[in-house]
There are 2 protein chains.
Amino acid sequence: MTDFPEAPIYEHLARLGKVLSAPVRLRLLDLLDQGECTVEELAQRGGLPLKNTSAHLQQLRAAGLVATRREGTRIHYSLRDREVSGFLGRFQEFAEERMSDLRAEIEEHLGRDETVGAVTGPELEELLRGGEVVLVDLRSPEEYEEDHVPGAVSIPSRQLEERLDELPWDMTIVAYCQGPYCVVSPRAVRVLNGTGRQARSLRGGYVHWKRRRDTG
Amino acid sequence: MTDFPEAPIYEHLARLGKVLSAPVRLRLLDLLDQGECTVEELAQRGGLPLKNTSAHLQQLRAAGLVATRREGTRIHYSLRDREVSGFLGRFQEFAEERMSDLRAEIEEHLGRDETVGAVTGPELEELLRGGEVVLVDLRSPEEYEEDHVPGAVSIPSRQLEERLDELPWDMTIVAYCQGPYCVVSPRAVRVLNGTGRQARSLRGGYVHWKRRRDTG
DNA sequence: TCCTTATTCTAATAATCGCTAGAATATTGG
DNA sequence: CCAATATTCTAGCGATTATTAGAATAAGGA
């Protein structure tokens with residue numbers, strides 16, 4: 001077997017890798033990055049059985065990535081601190097940079113045009129400073145209420161079609177959803193561009209923006 | 001099963017986690033961070049069978065973490081670019097920060113006094129500027145020749161005892177080995193302190209220092 | 001206290017991954 | 001072209017991990 005003196009240390013280190021090696025756990029971490037959640041909410045939004053969810057959350061907790069808070073009979077999970085969010089962003093960025101099949105999958109999933117034409121964080125700042133842009137938050141009113149990008153107006157994605165007349169023809173529209181791999185904003189951008197407007201998606205959605213704000 | 005629309009993306013993302021979930025692969029990455037290596041060298045230094053080593057290297061290559069270069073019948077592996085080195089550092093740092101059992105393991109492995117008393121990168125710069133320090137490279141002459149911290153003198157760890165008289169009594173001695181989890185420099189520090197000198201280890205050894213130089 | 005709800009713990013099965021042996025490939029030197 | 005060396009590919013076994021059902025725990029309300 002492996003017999004170098006540092007072996008036990010790498011054994012421990014690998015535990016972090018193991019935790020990040022299950023798709024479900026990475027998904028849960030991204031959900032938690034959008035805000036505190038109960039086990040049931042996470043199970044629902046992650047689309048997997050409750051017991052399964054709980055088991056994965058235990059592993060995340062054992063690795064020191066998430067924290068729990070009890071409120072009555074419910075247990076609320078959240079990322080343990082901001083550095084977890086920052087690390088998660090770095091992890092995803094790094095993976096996207098060098099795994100070309102991952103990039104291909106993202107483009108296929110979100111739509112090629114909407115992916116490459118997406119607005120990055122610094123670009124958004126620039127656009128907001130110029131004032132030539134309307135920023136649209138497509139998430140639920142509750143999510144918008146809890147926190148949103150300053151200057152954004154709330155138009156939940158389901159109401160987009162019926163509230164189209166609130167959106168201008170002569171300014172760029174930037175739309176964002178939860179992110180980082182959410183389809184909602186690319187879809188909305190397609191709709192808006194279909195009406196002849198100038199719309200772009202915010203790369204990585206709310207989560208990426210928040211990571212940038214909180215961890216630089 | 002898992003049935004949310006972003007599932008295939010997280011599936012791909014998890015491949016990076018999987019690659020980082022085996023102790024052997026993390027070890028190989030750290031070895032590669034010290035410089036280019038052939039498969040045989042890696043197998044030897046990692047203390048595992050050749051075929052096994054090759055299999056792991058394939059996985060690292062599939063994930064875009066390492067590059068290969070053929071020279072005659074040998075194949076030389078190296079980290080694909082500097083960002084891999086930087087990410088690796090971030091990964092280890094993050095793991096050490098929040099997994100207390102990992103910290104405990106490191107302290108036990110390297111020695112408690114030598115770990116907490118270790119010199120960090122910025123501290124070393126400060127000490128070198130002041131000129132009140134002797135920096136000792138404990139690695140092999142070949143490794144020293146290829147690259148070393150500016151200002152370091154080469155005293156391979158095996159020669160330390162017989163070359164003790166080259167080291168001063170009135171200055172702090174900072175010693176480093178390959179790192180980041182190498183026992184050589186903590187051991188040397190114990191020997192030096194045993195003679196009554198003032199010695200400290202460089203935290204993370206050559207690898208940490210190089211990561212700092214190359215990726216900031 | 002007892003019942004209900006939310007979650008975790010325990011244990012068993014199913015899927016995945018690491019390891020290793022044998023065959024295959026690629027390059028160099030004769 | 002053949003032999004030698006370095007490495008990779010293929011396949012099967014063994015170990016680890018995910019999943020999930022059932023029992024257990026913990027808090028809140030009747």
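Throughout, protein chains are lettered first and strands after them, A, B, ... in sequence-line order, and every chain is numbered starting at 1.
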When you check the gap from the basic side-chain N to the acidic O, do [X] and [Y] get nearer than 4.0 Å?
| X | Y | answer |
| --- | --- | --- |
| A:R200 | A:E123 | yes |
| B:D30 | B:R211 | yes |
| A:R69 | A:E71 | yes |
| B:D113 | B:R190 | no |
| B:E93 | B:R98 | no |
| A:R212 | A:E125 | yes |
| B:E96 | B:R103 | no |

Length of the line joining [X]:[atom1] and [N]:[atom2], which is rounded to integer Å:
| X | N | atom1 | atom2 | result |
| --- | --- | --- | --- | --- |
| A:N52 | C:dA11 | CG | C1' | 16 Å |
| A:R15 | D:dT16 | CZ | C1' | 15 Å |
| B:K18 | D:dT16 | NZ | C1' | 13 Å |
| A:L48 | D:dA18 | CG | P | 13 Å |
| A:R69 | C:dT7 | CZ | P | 12 Å |
| A:L20 | D:dT17 | CG | P | 14 Å |

Check whether the side chains of [X] and [Y] place a donor and an acceptor atom closer than 3.5 Å, and report yes or no.
| X | Y | answer |
| --- | --- | --- |
| B:Y206 | B:D147 | yes |
| B:S185 | B:S201 | yes |
| A:T38 | A:E40 | no |
| A:S85 | A:D33 | yes |

Task: Interface residues of residues 55-63 of chain B with DNA chain C (non-hydrogen, below 4.0 angstrom) - done: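 Output list: B:H56, B:Q59.
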
Task: Contact list for DNA chain C against residues 27-36 of chain A - heavy-atom distance below 4.0 Å - done: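 Residues of residues 27-36 of chain A that come under 4.0 Å of DNA chain C do not exist, since none gets that close.
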
Open item on the list: With a cut-off of less than 4.0 Å, is there a side-chain N or O of B:Y77 near OP1 or OP2 of D:dA6?
Closed with: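 For D:dA6, neither OP1 nor OP2 has a side-chain N or O of B:Y77 closer than 4.0 Å.
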
Could you tabulate the donor-acceptor pairs under 3.5 Å formed by side-chain atoms of residues 45-55 of chain B, not counting sequence neighbours?
{"from": "B:R45", "atom 1": "NH2", "to": "B:Q34", "atom 2": "OE1", "distance (Å)": "2.7"}
{"from": "B:N52", "atom 1": "OD1", "to": "B:H56", "atom 2": "NE2", "distance (Å)": "3.2"}
{"from": "B:T53", "atom 1": "OG1", "to": "B:P49", "atom 2": "O", "distance (Å)": "2.8"}

Set out, line by line, the N/O atom pairs under 3.5 Å between protein and nucleotides 21-23 of chain D.
{"from": "D:dG22", "atom 1": "N7", "to": "A:K51", "atom 2": "NZ", "distance (Å)": "2.5"}
{"from": "D:dG22", "atom 1": "O6", "to": "A:K51", "atom 2": "NZ", "distance (Å)": "3.3"}

TODO: Summarise how protein sits on nucleotides 1-6 of chain C as a single string, 5' to 3': B when a protein heavy atom is under 4.0 Å from the base, S for sugar-phosphate-only contact, - for no contact.
DONE: -----S

Open item on the list: The side chain of B:S54 is closest to which nucleotide in this list: D:dT8, D:dT17, C:dG18?
Closed with: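 It is D:dT8.
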
Task: Partners passing side chain to side chain donor-acceptor pair (under 3.5 Å) against A:R163 (at least two apart in sequence or in another chain) - done: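 Per chain and number, A:R163 pairs via side chain to side chain donor-acceptor pair (under 3.5 Å) with A:Q159, A:E166.
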
